[in-house]
Structures are given as structure tokens and as C-alpha cells.
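Heads up: the structure comes next, in C-alpha cells.
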Amino acid sequence: MLDMKLIRSDPESVRDALRRRGEHAEAALDTLLELDRSRREILVEVEERRSLRNTVSEEIARLKRDKADATAKIEAMRTVGEEIKNLEERLREVEASLETELLQVPNLPDPSAPDGDEDNSVLLHHWGAPREFTFVPLDHLDLAATHDLIDMERGARTSGSRFTYLKGDLVFLQFALVQFALRKLAVKGFRPVVVPVLVRDEAMYGTGFFPTDMQQVYRLEGDGLNLVGTSEVPLAALHMDEILDEADLPIRYVGYSSCFRREAGAAGKDTRGIFRVHQFDKVEMFSFCAPNGSAQEHDFMRSIQEEILQDLGLPYRTVSIAAGDLGASAAKKYDLEAWLPTQERYREVTSCSNCTDYQARRLKVRAKGDKGGAYVIHTLNGTVVALGRTIIAIMENYQTEEGLIEVPKALRPFMPSDMEMIGR
RNA sequence: GGAGAAGUGGCCGAGAGGCUGAAGGCGCUCGCCUGCUAAGCGAGUGAAGGAGCGAAUACUCCUUCCGAGGGUUCGAAUCCCUCCUUCUCCGCCA
């Protein structure tokens, strides 16, 4: 959520920033400004009358204590009470509209986010080189088939398309990745958290997934709960409505959870294998950060992501996402894309967003130091390991001519009997 | 799932329609005092919004906030309703 004070004081800058997202900001901004003016107008009126009521109420109390007659004043206040009630009703309506409008406005892109849309992301750098194969590489599904490691058919029978069973040594590989990731992050100051995956609407609105991405979310209507698409949601909500001690910032967490996504609108896209499924597991990092430190924190998080892909020996490239392709909450976002030999291109495996004060304002997460008042902080989130996609990348990049899968050295300590090869 | 109890400031805890943004205590901050420390004494100590003034997260004033949201009343922490959370007992259970 944007700061209404900022919109009020500098609407043209806000308008220009929103245009970079390709938003039709004009109408929404004018509506916001109008609602805001109207809110303050009514507020002043209500407060004047409430002030009057408070003064006279004290007089009434004094009269009653002195056993004097107060009926005239009580009668007068009856009218004032009615006026207050009416004004309050109008105020509620205006504030509700303002809130609704404000919730739909996305974050302002950072000036350093590239211009354009999804085709205009800017390549920051490459690491590693795609492997030269002396044989025709198999994709992850063909590799898995030989050893019965991924069961799409039965997954579909049980739960429908885009659900799978992960089996055998791939399960060990998944948990090796989890262990590897959690340990690395813990050393860097991220506190491990296993989060709730069912959350209230508040958490969805607070993180900016509602109302914009409602169609992507599995909702349990009967319980008023939502299955999270990422542990970013419960991690961000962890400090909802809190005022943190400035000295504790940044507060860093690494979460582990299953993630659920409807993938609405992705019909026919990435239908083969486990690249795009309705349920997957993910290790995610999150940081509550002082406003003036979030750019640096963003780069820190990206460096962790790069370190992990390097440890795993997966060739990748880093891109900065263009303003027009940012999610609602993000002011700036980096994606890391790993090389998939059978697709002969780089595909997204992690992403890292600086949401500045957008989520924190919605979630009412603030900080306070020894002097001065409370202020809204910044939040950042990033994938540590998207397990399904990382497993795909490992399988495809580490396959042997015999159809086996070598375990990356970094993961072997976490595999049963320090397993070096899957499928033997 | 059934029955009951409770939610007040950083914490404990009073208040039961008006004099309560809230007694008392603890904690914390700043002074005073004392070889040091402790004790003692004094003062202070929340948030949000708005108006004025402005460089301001500074200052002045107003409004609101006693789990959340509605209602009754001239007036609600206090009465009524709904929801949320916590605790106890019973049932069920990984």
C-alpha cells in the first residue's frame, strides 16, 4: 500500500512512477485524491462535534453531581449525537472506498528497475557455461522414468493434473537441498522457521497477494483460510501489527513450507514434468529491514542465491525485472535462471524482491528507536531453493550417458551413505 | 466437537455508566543524593489520525484507541450483540 501522505503531497511523481508499470494510473489517482480530500473534510467536522460533546458532557456530569437540572444540555446533545452518528457513517463509507482503492494500487517501481515489460528484463551477469553433452540428454521426466522417481500418472489420478508423487532417492535429494540451504542461511543470520501454510485473508491482503492475485490462490471457503503460494506470506505476517526495536533490524528468517498455486491462466504452459505444478516445496528467505538499508539487503540476498547455485554447480544468469513485469508488492526484483539443457534455455529458479514499505504498511510492521516515533520499515523476500525446479536443474545438468544422476558434491554430506549417484 | 472462564499501557494489576489515557506496583529514562554498588528522593515514560506551523519522525491544539467490529446512551474500559484469541474440563486424535 502506498502512503496516502505521499500521494497527497506529490501526486505527479506517483503518477509518473505508476506509468512505468504500464498502469492506467490517472483515474485511480484522481479518485484517491478526491476520496482523501473528502475524508479529511468529514473528519474535521466529526472531530469538532465530538470535541463539543466532550466539553458539554463534562458540564452535564458536573450538573448531575451538584443535583442540578441538565435536561436542556442533554436535549442539545441529543442533536449533536445524531449529527456525529451521521457524519461517522459517511466517514466509514469514504474510508472503506479509500481503502479499497488504495489496496489495488501496486508499489512504485524503484528508479533502478529497467523500463519496459516482461521482454525487457536486463541481463546482469552469467555464471558457468552450459555443459557440452557427448550424448543426447534426457529431460527430467525421462530420467525419472527409468528409476521411478516421479509419478505424474498416479499424481493425476489422486489429485488431478499438475500434482505428482516424488519418490525414492529424489526425496533424499530434496531433503538434502533443504538441509544444505537451511544450514547455509542459518550461518548468515537467518532464523529457521516452519510456517503455517493456511492463512487468514489479512495475511493475503497484507502481503499484497490480495486482491490482485486472488485467482491464483486455493481458498478454503468454509474456514475463511487460504493456502499460501509461498512462505513469504506467513513470514511477512509474522510481525504483523508490531513495532519492532530498531536495534534488532534487520530481522532475517528462512522459512520452509509447501506452496500451493492454482496456475490459473497457465493452461498449456510447461505441462511436462514438475516444472509448473500446483504443489511444491520451497525454502524462502525474508528480511525485515530499516528503510535506508533495503537496497543493500536486496543485493545481499541475491548474493546468497548466486552462492547457492554456484555451490550446486548450476550454470545460471541473473536478470533485473523490468518495471512493467513486477508483482504488485515489488519495487525491484531479480530473477536467477538456471540452464536447462533439454530446453536449451535459462529458466527461473529463484527470485528476490525488495518490497520497500509496501507490505510493511499493509501489515502495520513498524520500528522505533530510542528517539523519535515509529516508522514503517521495509521487507524483502527471496527464494533460497525452489525444490522442484532445482531438482529438475540438477537432474538434467548432472545426468550421465547411462541415465544416472550424479549428486552435486555440496549435497553428498546430506544424502544417505554420502550417495554420489542416483539410479545405481 | 461439547461445557465454562478470561482478554486493560513494556509487564503485573485496579476500575463495573460521567471527575479514568486510565489508580497502585514493576520496569525503563533523566536528575538529586551516596567512596562504588544497592537503597532512597524527584520528574518523565504508548500509538494512530487531523488542524495549525513548518525542513522535520520538532512544536501547539483537537479527535480516537482498555482484544476487533457493531449497537444502546446526552455520555461506554464499564451495558448488549457478533467475531478473534487464550486458559480449564470432557470427547477425538498425528
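These numbers come from the heavy atoms of this one structure, side chains and all, not from hydrogens, waters or symmetry mates.
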| message | Which nucleotide wins on minimum distance to the side chain of A:A374, given the candidates B:U64, B:G49, B:A48? | response | B:A48

| What nucleic acid atoms does A:I60 come within less than 4.0 Å of, heavy atoms only: base, sugar-phosphate, or nothing? | base

| field | Mate of B:C79 where both pairing distances stay under 3.5 Å, Watson-Crick or G-U | value | B:G71

| request: Could you let me know what B:C36 is paired to, Watson-Crick or G-U wobble, both distances under 3.5 Å, or none if it's on its own? | output: none

| field | Check ion pair A:K269-A:E263 (N to O, under 4.0 angstrom) | value | no

| field | Nearest-nucleotide pick for A:S51, side chain only, options being B:A51, B:C62, B:U73 | value | B:C62

| query | Rounding to the closest angstrom, what is the interatomic distance between B:A47 and B:U8 at atom C1'? | reply | 15 Å

| message | Of the listed nucleotides (B:A47, B:G50, B:C84), which one gets closest to any side-chain atom of A:R8? | response | B:G50

| field | Residue mapping more 5' on RNA chain B - nearest nucleotide basis, A:I74 or A:N54 | value | A:N54

| How far, in whole Å, is B:U20 from B:A16 if one measures between their P atoms? | 12 Å

| query | What interatomic distance, in whole Å, is found between C1' of B:U78 and the corresponding atom of B:G7? | reply | 15 Å

| field | Span that lies between the P atom of B:U29 and that of B:A39, in whole angstrom | value | 13 Å

| What interatomic distance, in whole Å, is found between C1' of B:C66 and the corresponding atom of B:C93? | 38 Å

| request: Output the single nucleotide from B:C74, B:G49, B:U63 whose closest atom is nearest the side chain of A:R39. | output: B:G49

| B:C59: pairing nucleotide in any strand, Watson-Crick or G-U under 3.5 angstrom | B:G52

| message | Roughly how many Å apart are B:G24 and B:A14, using the C1' atom of each and rounding to a whole number? | response | 7 Å

| Phosphate oxygens OP1/OP2 of B:A48: is one of them under 4.0 Å from a side-chain N or O of A:R366? | yes

| request: In plain terms, say whether A:R8 and A:D36 are close enough for a salt bridge, that is, a side-chain N and a carboxylate O under 4.0 Å apart. | output: yes

| task | Quick one: look up who B:A22 pairs with, Watson-Crick or G-U, both distances under 3.5 Å, and put none if it's unpaired. | result | none

| said: Could you tell me the Watson-Crick or G-U partner of B:C66, where both distances fall under 3.5 Å? Say none if there is no partner. | reply: none

| query | Is the phosphate of B:C19, meaning OP1 or OP2, less than 4.0 Å from a side-chain N or O of A:R62? | reply | no

| Within 45° cone and under 6.0 Å: A:R389 NZ/CZ vs A:F275 ring | yes

| Spacing of the P atoms in B:A58 and B:G46 (rounded, Å) | 13 Å

| task | Under 4.0 Å between any heavy atoms, over every strand shown, what does A:K5 touch: base, sugar-phosphate, or nothing? Just pick one. | result | sugar-phosphate

| A:E88 with A:K85: basic N within carboxylate O range, under 4.0 Å | no

| remark: Taking for A:G81 and for A:E47 the nucleotide of RNA chain B with the nearest heavy atom, the one nearer the 5' end belongs to A:E47

| remark: Here the pair of heavy atoms bringing A:K282 nearest to A:S231 is O-OG, 4.5 Å

| field | Carboxylate-amine/guanidinium contact A:K188 A:E307, below 4.0 Å | value | yes

| task | Would you mind telling me which of B:A47, B:G50, B:G75 lies closest to the side-chain atoms of A:K368? | result | B:A47

| task | Could you check A:K409, A:K184, A:R183 and say which one makes a salt bridge (Lys or Arg N to Asp or Glu O under 4.0 Å) with A:D311? | result | A:K184

| query | When you compare B:U64 with B:G71, how far apart are their P atoms, in angstrom units rounded to a whole number? | reply | 16 Å

| query | Which part of the nucleic acid, if any, lies within reach of A:K73 when heavy atoms closer than 4.0 Å are counted: base, sugar-phosphate only, or nothing? | reply | nothing

| said: Nearest to the side chain of A:S57, heavy atoms from C-beta on, is which of B:G18, B:A47, B:U64? | reply: B:G18

| task | Provide, to the nearest angstrom, the distance between the CZ atom belonging to A:R53 and the P atom belonging to B:G18. | result | 16 Å

| note | Any strand, both distances under 3.5 Å, Watson-Crick or G-U wobble: B:U86 pairs with B:A5

| query | Across all strands, who's sitting opposite B:G44 as a Watson-Crick or G-U wobble pair, both distances under 3.5 Å? | reply | B:C28

| remark: The Watson-Crick or G-U wobble partner of B:G91, with both key distances under 3.5 Å, is none

| message | Heavy atoms from C-beta onward define the side chain here; which of B:G70, B:U64, B:U85 lies closest to that of A:R92? | response | B:G70

